[in-house]
Amino acid sequence: MQGLLDFLKSLGAARLAAMGAVTFALIGFFAFLMIQMTAPVMVPLFTDLSVEDSSAIIKDLDRQAIDYKLKNDGAIIMVPKDKVARLRMKLAESGLPKGGGIGYEIFDKSDALGATSFIQNINHLRAMEGELARTIRSIDRVQAARVHLVLPERPLFSRDKVEASASIVLKVRGQLEPAQVRAIRHLVASAVNGLKPERVSVVDETGRLLADGAAPDNPIGAGADERKVAYENRLRSEVENIVSSVVGPGKARVQVSADFDLNRITQTQDKFDPDSRVLRSSQTREEQNSSSEGKEGGQVSASNELPGSNKDGNNNGPNSKDQSKKTEEIVNYEISRTTKTEVIEAGRLSRVSAAVLVDGRYTKNDKGEMVYEPRPKEEIDRIAALVRTAIGFDAKRGDQVEVVNLRFADSAPVQVGDVDGGWMKYLQFTKDDIMGVAEKGVMALLGLIVLLMVVRPLVRKVLAPDAAEQARMAGLAGVAGAIAGPAGVEIGPDGKPLPTITDTSGTNIAIVSGEEQVAISNRTSAMIDVAKVQGQVHAQSVQKVGELAEKNPHEAVAIIRSWLHEDAA
């Protein structure tokens with residue numbers, strides 16, 4: 001322990017502080033590495049969560065004592081990779097995530113006995129809005145959705161009925177296509193009783209109106225542009241394939257323009273045929289009258305009214321009779337009638353125009369240079385005939401086809417071998433690759449910092465005391481050599497060895513004068529003083545000198561004897 005304490009004291013406070021700091025830094029560094037290596041891999045449990053769903057999921061994870069991390073302000077929850085499947089099934093059992101809205105589960109825990117009809121209607125409306133929002137979010141590019149339904153009730157004793165309406169706010173990734181907007185409108189209209197697609201308004205998160213619910217919906221006009229573009233693309237592809245097979249790939253440019261009639265026409269025509277008759281009904285009426293007159297010419301008198309008078313006119317005078325007969329016949333005939341109703345739907349093709357540009361031929365001349373050569377007129381006419389047949393050319397409809405042969409502008413050749421990207425495809429890193437490389441780079445940088453700032457200074461400080469000790473030993477050896485001289489022979493002031501005598505033991509004893517002894521003593525004292533000034537002589541150095549005297553007693557005795565024989569003068 002004493003040796004250890006002496007060693008620590010010899011290091012000094014600065015070295016001890018540096019060693020302590022290095023030790024703590026190494027412990028922290030390796031602890032960080034162990035934590036990073038032993039930490040579980042965190043993967044997303046759910047993404048794009050609402051605040052309500054995120055709060056409910058975090059509460060459930062805290063109850064299960066499961067580690068988690070939050071990203072994007074709680075929209076993403078990270079959990080250990082080996083627990084993802086079990087947690088998703090466990091949360092699905094609890095109905096999480098709910099999707100940021102309330103659906104038909106609002107009726108699961110409601111008190112139906114004490115709820116009024118108003119509350120039931122409101123809950124039903126909330127449930128419908130939540131379910132529709134969840135369904136809309138399942139569409140691609142739709143990140144979030146909110147649905148508001150207006151379902152007015154028909155007042156009593158009212159003939160007019162207010163139509164239902166809906167408004168939808170979407171948060172999308174990118175931009176929705178018109179077909180997707182129409183699909184959302186029809187989806188909501190089909191799910192709500194009495195709601196028409198033209199009564200649904202759609203707005204995105206930037207406030208841009210995607211569909212106007214106040215304007216009448218025109219499905220024909222809405223899809224006319226798409227139908228026109230699809231038709232033109234189909235004709236252009238067909239014509240380009242035919243022409244390219246003749247002139248070569250990349251040597252033909254085709255543009256097709258189609259016009260459609262968007263008017264919907266309904267025609268009704270009635271036609272009567274007078275030559276075609278059919279008996280419908282027949283009615284015949286006959287009428288017959290008869291009358292007689294007396295001699296008096298049918299005079300009226302009171303005697304004729306008396307009893308016993310000749311009322312029947314059977315008197316002796318002559319009588320006359322009138323008879324009339326009338327026949328009336330009514331015959332009804334049905335004339336042949338033809339009623340024809342024609343409905344001409346909108347979107348009829350009214351005109352097609354096609355423009356085809358073909359390149360010429362390139363041949364080598366006598367000098368080996370590429371020379372442009374236009375195509376002959378007969379070939380252009382055959383190409384035009386093929387184009388007319390491909391587009392269904394109709395002169396009565398006003399279709400036009402134009403085929404022109406012109407030289408294409410020179411362009412840089414495309415290397416087929418570079419289509420796959422070459423070596424650039426190896427630089428297409430994914431997000432996981434970038435994160436892995438970044439993590440390895442950070443670890444390598446930390447290791448380099450520890451090597452340069454910790455290990456290197458530590459090695460220097462450990463090796464520094466040994467180097468100083470070697471320097472001090474070299475200095476002491478020089479002092480001892482100067483005192484002892486070569487092989488125990490004292491060197492005089494002039495650099496020559498002093499005369500010596502040999503005693504009974506065979507030891508050479510230098511014989512010096514008093515002045516020489518004083519000079520040797522002064523020189524030794526000066527050397528010791530110089531060593532003290534330089535900081536190389538201390539208690540250990542004196543101890544080393546004693547050890548040298550013990551190991552070389554004869555040289556020490558010779559020096560002492562020289563000091564004894566020193567002249568007093």
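- We find the CD1-CZ distance between I391 and R236 to be 13.5 Å, quoted to the nearest 0.5 Å.
- Put simply, the side chain of L357 does not reach to within 4.5 Å of the side chain of V403, judged on heavy atoms.
- Pairing each heavy atom of Y362 with each of M370, the nearest pair is CB-CE, 3.6 Å.
- Between I58 and D60 the shortest side-chain heavy-atom distance does not fall below 4.5 Å.
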Practice item. May I have the step-by-step check of side chain to side chain contact (heavy atoms under 4.5 Å, CB included) for L45 and R88, ending in yes or no? Key: CA-CA 7 Å; L45 178 63; R88 286 179 179 174; 3.6 Å; yes

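- Under a cut-off of 6.0 angstrom, the local environment of CG in D270 is crowded, with over 12 non-hydrogen atoms contributed by other residues, nucleotides or ligands.
- When atom types are taken as modelled, the side chain of S237 and the backbone of N233 share no donor-acceptor pair closer than 3.5 angstrom.
- To the nearest 0.5 Å, atom CD of residue E163 and atom CG of residue L151 are 12.5 Å apart.
- The backbone N or O of P374 lies less than 3.5 Å from no partner atom in the side chain of N405, so there is not a single donor-acceptor pair.
- Across E379 and V246, no two heavy atoms sit closer than the pair OE2-CG1, 4.1 Å.
- Side-chain atoms of M42 and K81, non-hydrogen and from C-beta on, never get closer than 4.5 Å to each other.
- Under a 3.5 Å cut-off, the side chain of R146 and the backbone N or O of A133 do not form any donor-acceptor pair.
- One distance of note links OG of S281 with CD of E334; it measures 9.0 Å at 0.5 Å rounding.
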Exercise for review: For the pair V343 and R264, evaluate side chain to side chain contact (heavy atoms under 4.5 Å, CB included) and give the outcome as yes or no after the intermediate values.
Suggested key: CA-CA 7 Å; V343 178; R264 188 173 185 270; 3.7 Å; yes

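- The nearest pair of heavy atoms linking L149 to E129 is N-OE2, 3.0 Å.
- Residue I66 comes nearest to K83 through the heavy atom pair CG2-CD, 4.3 Å, listed as atom of the first residue, atom of the second, then distance.
- Of the inter-residue distances, the one linking F408 atom CZ with R253 atom CZ reads 5.0 Å to the nearest 0.5 angstrom.
- Nearest heavy-atom pair, N121 versus E153, reported as atom, atom and distance to 0.1 Å: ND2-OE2, 4.1 Å.
- Taking 4.5 Å as the limit, every side-chain heavy atom of L386 sits out of range of all side-chain heavy atoms of V243.
- Here the side chain of S244 pairs no donor or acceptor atom with the backbone of N241 at under 3.5 angstrom.
- Minimum heavy-atom separation, Q64 to L87: OE1-CD2, 3.5 Å.
- L91 contributes atom CG, which lies 5.5 Å from atom CD1 of I57 (distance to the nearest 0.5 angstrom).
- A 4.5 Å side-chain heavy-atom check between Q143 and L170 finds every atom pair outside the cut-off.
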Review point. R397 and D399: salt bridge (Lys or Arg N to Asp or Glu O under 4.0 Å), yes or no, with the steps?
Key: CA-CA 6 Å; R397 197 169 53 189; D399 296 347; 2.6 Å; yes

Review point. For S54 and I77, what are the C-alpha separation, side-chain angles and deciding distance, and is it a side chain to side chain contact (heavy atoms under 4.5 Å, CB included)?
Key: CA-CA 8 Å; S54 180; I77 299 179; 4.0 Å; yes

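- The main-chain N or O of S336 is never found under 3.5 Å from a side-chain atom of D273 such that the two would form a donor-acceptor pair.
- Between Q175 and R208, the closest side-chain pair of non-hydrogen atoms falls below 4.5 Å.
- Salt-bridge formation is not detected for the pair E205/K171: no Lys NZ or Arg NE/NH1/NH2 atom is positioned less than 4.0 Å from an Asp or Glu carboxylate oxygen.
- For the atom pair Q180 CD and R141 CZ, the distance stands at 5.5 Å (nearest 0.5 Å).
- In this structure, E232 does not pair ionically with R234, as no charged nitrogen and carboxylate oxygen lie closer than 4.0 Å.
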